[in-house]
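The chain is numbered in sequence order, starting from 1. A quick note: this is a predicted structure, and the numbers were derived from the prediction, not measured.
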Amino acid sequence: MTDTNQRIVLAARPTGLPSETDFRVEEAPITEPGAEEILVRTQYLSLDPYMRGRMNEGASYAPGVTLGEVMVGGTVGEVVTSRHAGFTEGDIAQVHSGRQAYGVSSGDEARKVDPALAPISTSLGVLGMPGITAYFGLLDIGRPGAGETVVVSGAAGAVGSLVGQIAQIKGSRAVGIAGSDAKVSWITDQLGFSGAFNYKTSNDYGAALRRFCADGIDVYFDNVGGAISDAVLPQMNIGGRIPVCGQISQYNLDVAEMGPRQTWHFIVKRLTMRGFLAFDFAERYDEALQELAGWLQDGRLVYKEDIVVGLEQAPAAFIGMLSGDNTGKRLIQVTE
Ligand SMILES: NC(=O)c1ccc[n+]([C@@H]2O[C@H](COP(=O)([O-])OP(=O)(O)OC[C@H]3O[C@@H](n4cnc5c(N)ncnc54)[C@H](OP(=O)(O)O)[C@@H]3O)[C@@H](O)[C@H]2O)c1
């Protein structure tokens with residue numbers, strides 16, 4: 001083990017889409033773990049849209065990162081030193097030590113990962129936070145029924161690609177909205193979505209939705225908000241459910257767009273729209289992880305990882321993900 005840590009800190013607060021100069025790559029000494037803590041060598045780092053909000057000064061559901069501090073992020077890697085009874089050296093732990101090669105974490109907050117179950121990178125994707133988000137958001141809030149139509153935006157991303165597949169496993173029809181023809185082909189040809197369209201080449205979202213959702217929409221899993229969501233609302237069926245998972249179309253705006261102004265449809269159709277955080281379901285994570293692992297093992301659930309090699313690539317890979325250059329779960333491979 002080297003004595004030097006490589007880490008990426010927040011250098012400036014962005015306006016609009018972040019740029020690479022908002023981050024700085026630094027070298028620093030590796031911190032020693034204290035009582036009840038573990039030191040983990042990062043193998044994979046997760047890049048997620050919520051990190052854009054953490055670059056801002058104010059708090060949303062969590063405080064922003066202080067300038068000069070390590071950018072936040074979920075990681076998985078090998079325990080190199082343990083001062084916690086639950087971990088020994090060589091264990092694989094999923095922690096939140098951020099964009100750095102070595103991180104100290106509370107052992108109580110770390111999750112032990114079984115490398116025999118699936119590649120350890122999945123603990124940041126299908127068997128981690130995105131999987132849990134898709135599972136509870138769709139099944140607990142969306143409650144899709146057999147034969148119902150589920151529309152998901154951000155459909156070729158980490159969460160959206162799982163939402164559509166889980167909907168199909170439950171006997172619903174999944175229709176996806178994504179930002180390229182290749183993404184549309186992937187979710188329909190490989191993942192079994194019943195239909196999908198490219199919102200970047202469609203000039204009439206309503207017509208595209210009517211084409212794939214002839215019987216209306218029962219569940220809308222909203223990852224993006226904005227004009228896409230405005231087009232979905234009028235096509236919801238009576239009693240429709242809308243889990244609001246993310247609003248990525250708004251994250252880089254300095255002034256939030258107005259809306260929705262289609263709330264009349266909530267009355268006529270008796271719609272329910274509910275925002276949620278994956279953490280709301282913390283007591284039930286095992287339930288989701290077991291069922292997702294079962295679907296993976298019997299081949300009913302497929303996942304894609306979009307892996308970029310090298311910690312120093314994290315700023316560009318993060319900015320690219322916000323702009324849609326990822327398919328499936330974007331990760332940084334920090335070490336072999
Ligand atoms: N509530 C929770 O607990 C929770 C947990 C995890 C994630 N989320 C939210 O869920 C959403 C998806 O997260 P993820 O981790 O799965 O990310 P992701 O979908 O893997 O990556 C982000 C994707 O967003 C799409 N996008 C970017 N700008 C857009 C725009 N203006 N309009 C429409 N789509 C746009 C891009 O795909 P295209 O090529 O299709 O544009 C991009 O690939 C995000 O909004 C995130 O904040 C919420």
**Message:** With heavy-atom distances below 4.5 Å as the criterion, would you say the side chains of Arg111 and Ser123 are in contact?
**Reply:** yes
**Item:** Leu331-Tyr102 co-clustered via ILVMFWY side chain contacts under 4.5 Å
**Value:** no
**Asked** Among Ile30, Thr42, Val70, which residue meets the side chain to side chain contact (heavy atoms under 4.5 Å, CB included) test with Asn5?
**Response** Ile30
**Asked** Does one hydrophobic cluster hold both Leu322 and Met129, with members joined at side-chain heavy-atom distances below 4.5 Å?
**Response** yes
**Message:** Is there a continuous path of hydrophobic side-chain contacts, each under 4.5 Å between heavy atoms, that joins Ile217 to Val184?
**Reply:** no
**Leu47 and Arg99, any side-chain heavy atoms less than 4.5 Å apart** = yes
**Asked** So, the side chain of Thr133 versus the backbone of Ala278: is there a donor-acceptor pair under 3.5 Å, distance only?
**Response** no
**Item:** By salt bridge (Lys or Arg N to Asp or Glu O under 4.0 Å) - contacts of Arg7 (at least two apart)
**Value:** Glu26
**Message:** I'd like to know if Leu124 and Leu45 are part of one continuous hydrophobic network [Ile/Leu/Val/Met/Phe/Trp/Tyr, side-chain heavy atoms within less than 4.5 Å].
**Reply:** no
**Request:** Name all pairs fulfilling the ring pair (Phe, Tyr, Trp, His ring centres under 6.0 Å) condition that reach into residues 242-285, sequence neighbours left out, sorted by first residue then second.
**Result:** Phe136-Phe281
**Message:** Do Glu312 and Gln6 have side chains that approach each other closer than 4.5 Å (heavy atoms only, starting at C-beta)?
**Reply:** yes
**Val65 versus Met71, closest heavy-atom pair with distance** = CG2-SD, 4.2 Å
**Lys304 side chain to Trp186 backbone, donor-acceptor under 3.5 Å** = no
**Message:** Which residues pass the side-chain hydrogen bond (donor to acceptor under 3.5 Å, both in side chains) test with Glu291, not counting sequence neighbours?
**Reply:** Tyr135
**Request:** Could you check Thr75, Val104, Val72 and say which one makes a side chain to side chain contact (heavy atoms under 4.5 Å, CB included) with Ser97?
**Result:** Thr75
**Message:** Using the rule salt bridge (Lys or Arg N to Asp or Glu O under 4.0 Å), only one of Glu32, Glu89, Glu36 pairs with Arg83; which is it?
**Reply:** Glu32
**Item:** Within residues 319-332 or reaching into it, pairs that qualify as side-chain hydrogen bond (donor to acceptor under 3.5 Å, both in side chains) - sequence neighbours excluded
**Value:** Ser46-Lys329, Asp48-Lys329, Asp306-Arg330, Asp325-Arg330
**Asked** Do the non-hydrogen side-chain atoms of Pro315 and Thr21 ever get within less than 4.5 Å of each other?
**Response** no
**Request:** Would you indicate whether the side-chain heavy atoms of Met51 and Met321 approach each other to under 4.5 Å?
**Result:** no
**Asked** Below 4.5 Å, heavy atoms only, C-beta onward: do Asn223 and Phe221 meet side chain to side chain?
**Response** yes
**Message:** Going by the rule side-chain hydrogen bond (donor to acceptor under 3.5 Å, both in side chains), which residues pair with Gln333 if we only count those two or more places apart in sequence or in a different chain?
**Reply:** none
**Message:** Test: side-chain hydrogen bond (donor to acceptor under 3.5 Å, both in side chains). Region: residues 188-197. Which pairs qualify, not counting sequence neighbours?
**Reply:** Gln168-Ser194
**ILVMFWY cluster membership beyond Ile38 - transitive side-chain contacts under 4.5 angstrom** = Val40, Val79, Phe87, Val95
**Request:** Answer with yes or no whether the hydrophobic clustering places Ile8 together with Phe318; edges join I, L, V, M, F, W, Y residues whose side-chain heavy atoms lie under 4.5 Å apart.
**Result:** yes
**Message:** Can you give me the closest heavy-atom contact between Gly128 and Leu289, atom names plus distance?
**Reply:** N-CD2, 4.1 Å
**Item:** Partner residues of Thr335 under the side-chain hydrogen bond (donor to acceptor under 3.5 Å, both in side chains) criterion, sequence neighbours left out
**Value:** none
**Message:** Checking Lys200 now: which residues fulfil salt bridge (Lys or Arg N to Asp or Glu O under 4.0 Å) with it, not counting sequence neighbours?
**Reply:** none
**Residues Arg241, Thr272; criterion side-chain hydrogen bond (donor to acceptor under 3.5 Å, both in side chains); working and verdict** = CA-CA 5 Å; Arg241 286 84 64 201; Thr272 308; over 6 Å; no
**Asked** Any side-chain heavy atom of Leu127 sitting closer than 4.5 Å to one from Leu296?
**Response** yes
Pairs under 3.5 angstrom only: tabulate donor-acceptor contacts from the side chains of residues 203-216 to other protein residues two or more places apart or in another chain.
{"from": "Asp204", "atom 1": "OD1", "to": "Gly206", "atom 2": "N", "distance (Å)": "3.2"}
{"from": "Asp204", "atom 1": "OD1", "to": "Ala207", "atom 2": "N", "distance (Å)": "3.0"}

**Complete:** Connected to Leu253, directly or through other members, by ILVMFWY side-chain contacts below 4.5 Å are none
**Prompt:** Are the side chains of Pro130 and Tyr303 in touch, meaning some heavy atoms are under 4.5 Å apart?
**Reply:** no
**side-chain hydrogen bond (donor to acceptor under 3.5 Å, both in side chains) pairs, two or more places apart, involving residues 225-240** = Asp218-Asn237, Tyr220-Ser229, Asp222-Ser229
**Message:** Run the side-chain hydrogen bond (donor to acceptor under 3.5 Å, both in side chains) test on Gln250 and Glu257 for me, step by step, so that the C-alpha distance in whole Å, both residues' side-chain angles and the decisive distance to 0.1 Å come before the verdict.
**Reply:** CA-CA 7 Å; Gln250 310 296 299; Glu257 286 175 349; 3.1 Å; yes
